[in-house]
K.L.:
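Let me begin by handing over the structure; questions about it come next.
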Amino acid sequence: MKRKLDREFYDRPTLKVAKELLGKYLVVKKGGHLLSGKIVETEAYDGFKDPASHAYKGTTPRNQVMFGAPGYAYVYLTYGMHHCLNLVTQKNGYPAAVLIRAIEPVDGIQLMKRRRGRRKLRDLTSGPAKLCQALGVDRRLNGEDLLSDGIFVEDRGEVPRRIARSSRIGVNDGKEKNWRFFFKGNEFVSR
DNA sequence: TGAATGATCACG
DNA sequence: GTGATCATTCAT
């Protein structure tokens, strides 16, 4: 049983969405290719009061999508060369999203290897920018509807186990919360 | 541990 | 316009 996540799934508290995305399948279809992977690591960026969020200081041209309706992709370039993929959550006007930090490769592994220039399965998608490169996600997908057929998340009926949480990677804030979720012991989790 | 690499944003 | 920063990755 496969079921594409609907708008209502994303229109909920961000921490809950971040946690429940674990074990779901991220699917990208483009140019006749089908690429997918099981989500094994996420991070929540929630609201106006989250200093680590791009939306902390209000709207800018880049973060517009975070303020928009739930169920859309927010893709940005960082360090001048790496893309990161987020899934926008909660209602229009409330800036929040979930960063997809790692997936376990499932469909299209040969193409992922070619794009990444790596042979080992573990090196393909074990980080937010790695998985974007493997799946061919870049800023052209910013603002893309996650209910479209080009990029979406699918429930394949699996029951997730062994979920752990920690502080977010690359976030240096005194009050940093445990807003990173991952499968304990999964080899595709970043770092 | 640090280089790569360029968009983004605050400042004025 | 300028300069600091960056939700990272890879090779040294």
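Each chain gets a letter, A, B and so on, in the order the sequences are listed, and its residues count up from 1.
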K.L.:
Can you tell me which stems involve DNA chain C, if a stem is defined as three or more consecutive Watson-Crick or G-U wobble pairs, both distances under 3.5 Å?
P.N.:
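B:1-4 with C:8-11, B:6-11 with C:1-6 - these are the stems of 3 or more pairs that involve DNA chain C.
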K.L.:
Is the closest side-chain heavy-atom distance between A/R162 and A/N186 below 4.5 Å?
P.N.:
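Counting from C-beta outward, A/R162 and A/N186 never come under 4.5 Å.
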K.L.:
So, the side chain of A/E41 versus the backbone of A/F181: is there a donor-acceptor pair under 3.5 Å, distance only?
P.N.:
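No; judged by distance alone, with no hydrogens or angles, the pair does not exist.
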K.L.:
Is any side-chain heavy atom of A/S167 less than 4.5 Å from a side-chain heavy atom of A/W179?
P.N.:
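No; the side chains remain at least 4.5 Å from each other.
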K.L.:
Kindly say if A/R139 contacts the phosphate of B/dT8, meaning a side-chain N or O under 4.0 Å from OP1 or OP2.
P.N.:
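Yes, such a contact exists.
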K.L.:
Taking CZ from A/R180 and C1' from C/dT8, how many angstroms apart are they, rounded to a whole number?
P.N.:
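From A/R180 CZ to C/dT8 C1': 14 Å.
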K.L.:
Using atom types as modelled and distance alone, determine if a side-chain donor or acceptor of A/K30 lies under 3.5 Å from a backbone N or O of A/G136.
P.N.:
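Between the backbone of A/G136 and the side chain of A/K30 there is a qualifying donor-acceptor contact (under 3.5 Å).
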K.L.:
Can you check the A/E43 CD to C/dT8 P distance for me, whole Å?
P.N.:
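Spelled out: CD on A/E43 to P on C/dT8 is 7 Å.
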K.L.:
Does a side-chain N or O of A/H82 approach OP1 or OP2 of B/dT5 to a distance below 4.0 Å, or not?
P.N.:
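No, no such contact exists.
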K.L.:
Rounding to an integer number of Å, can you tell me how far A/L99 CG sits from C/dT8 P?
P.N.:
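That distance rounds to 7 Å.
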K.L.:
What is the separation between atom CZ on A/R122 and atom P on C/dT9, rounded to the nearest whole Å?
P.N.:
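From A/R122 CZ to C/dT9 P: 14 Å.
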K.L.:
Validate the cation-pi geometry between A/R168 and A/Y45: distance from NZ or CZ to the six-membered ring centre under 6.0 Å, angle to the ring axis within 45°.
P.N.:
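Verdict for A/Y45: a cation-pi partner in A/R168.
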K.L.:
What does the list of N/O pairs under 3.5 Å between the protein and nucleotides 10-12 of chain C look like, with a distance for each?
P.N.:
unit_1: C/dC10; atom_1: OP1; unit_2: A/R116; atom_2: NH1; d: 3.0
unit_1: C/dC10; atom_1: OP1; unit_2: A/R116; atom_2: NH2; d: 2.6
unit_1: C/dC10; atom_1: O3'; unit_2: A/R118; atom_2: NH2; d: 3.4

K.L.:
Quick one: are A/V137 and A/V28 in side-chain contact, heavy atoms under 4.5 Å?
P.N.:
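Counting from C-beta outward, A/V137 and A/V28 do come under 4.5 Å.
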K.L.:
Whole angstrom is fine here: how far is it from CG in A/N142 over to C1' in B/dA7?
P.N.:
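In whole Å, B/dA7 C1' lies 13 Å from A/N142 CG.
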K.L.:
Given atom NE2 of A/H54 and atom C1' of C/dC6, what is their separation to the nearest angstrom?
P.N.:
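Those two atoms, NE2 and C1', are 7 Å apart.
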K.L.:
Do the side chains of A/L87 and A/Y10 get nearer than 4.5 Å, heavy atoms only?
P.N.:
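When only atoms from C-beta onward are counted, A/L87 and A/Y10 do touch, with a gap below 4.5 Å.
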K.L.:
Does the A/R139 side chain pair with the main chain of A/V75, one donor and one acceptor, at a distance under 3.5 Å?
P.N.:
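Side chain of A/R139 to backbone of A/V75: no pair is present.
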K.L.:
By a 5.5 angstrom centroid cut-off and a 30 degree plane limit, is there stacking between A/Y76 and B/dA7?
P.N.:
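Whether judged by distance or by angle, A/Y76 falls short somewhere, so it does not stack on the base of B/dA7.
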K.L.:
Is the closest side-chain heavy-atom distance between A/M112 and A/T125 below 4.5 Å?
P.N.:
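The answer is yes; the side chains approach within 4.5 Å.
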K.L.:
With 3.5 Å as the limit, what N/O pairs link the protein to nucleotides 9-12 of chain B?
P.N.:
unit_1: B/dC9; atom_1: OP1; unit_2: A/T60; atom_2: OG1; d: 2.2

K.L.:
Would A/R161 and A/F183 count as a cation-pi pair here, with the cationic atom under 6.0 angstrom from the ring centre and within 45° of the axis?
P.N.:
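So A/R161 doesn't make the cation-pi contact.
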K.L.:
In whole angstrom, what separates A/I100's CD1 from C/dT8's P?
P.N.:
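To the nearest whole Å, that distance equals 14 Å.
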K.L.:
Please state how far atom OH in A/Y79 lies from atom P in B/dA3, giving the value in whole angstrom units.
P.N.:
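Result: 14 Å.
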K.L.:
Would A/K4 and A/F152 count as a cation-pi pair here, with the cationic atom under 6.0 angstrom from the ring centre and within 45° of the axis?
P.N.:
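Yes, a cation-pi geometry.
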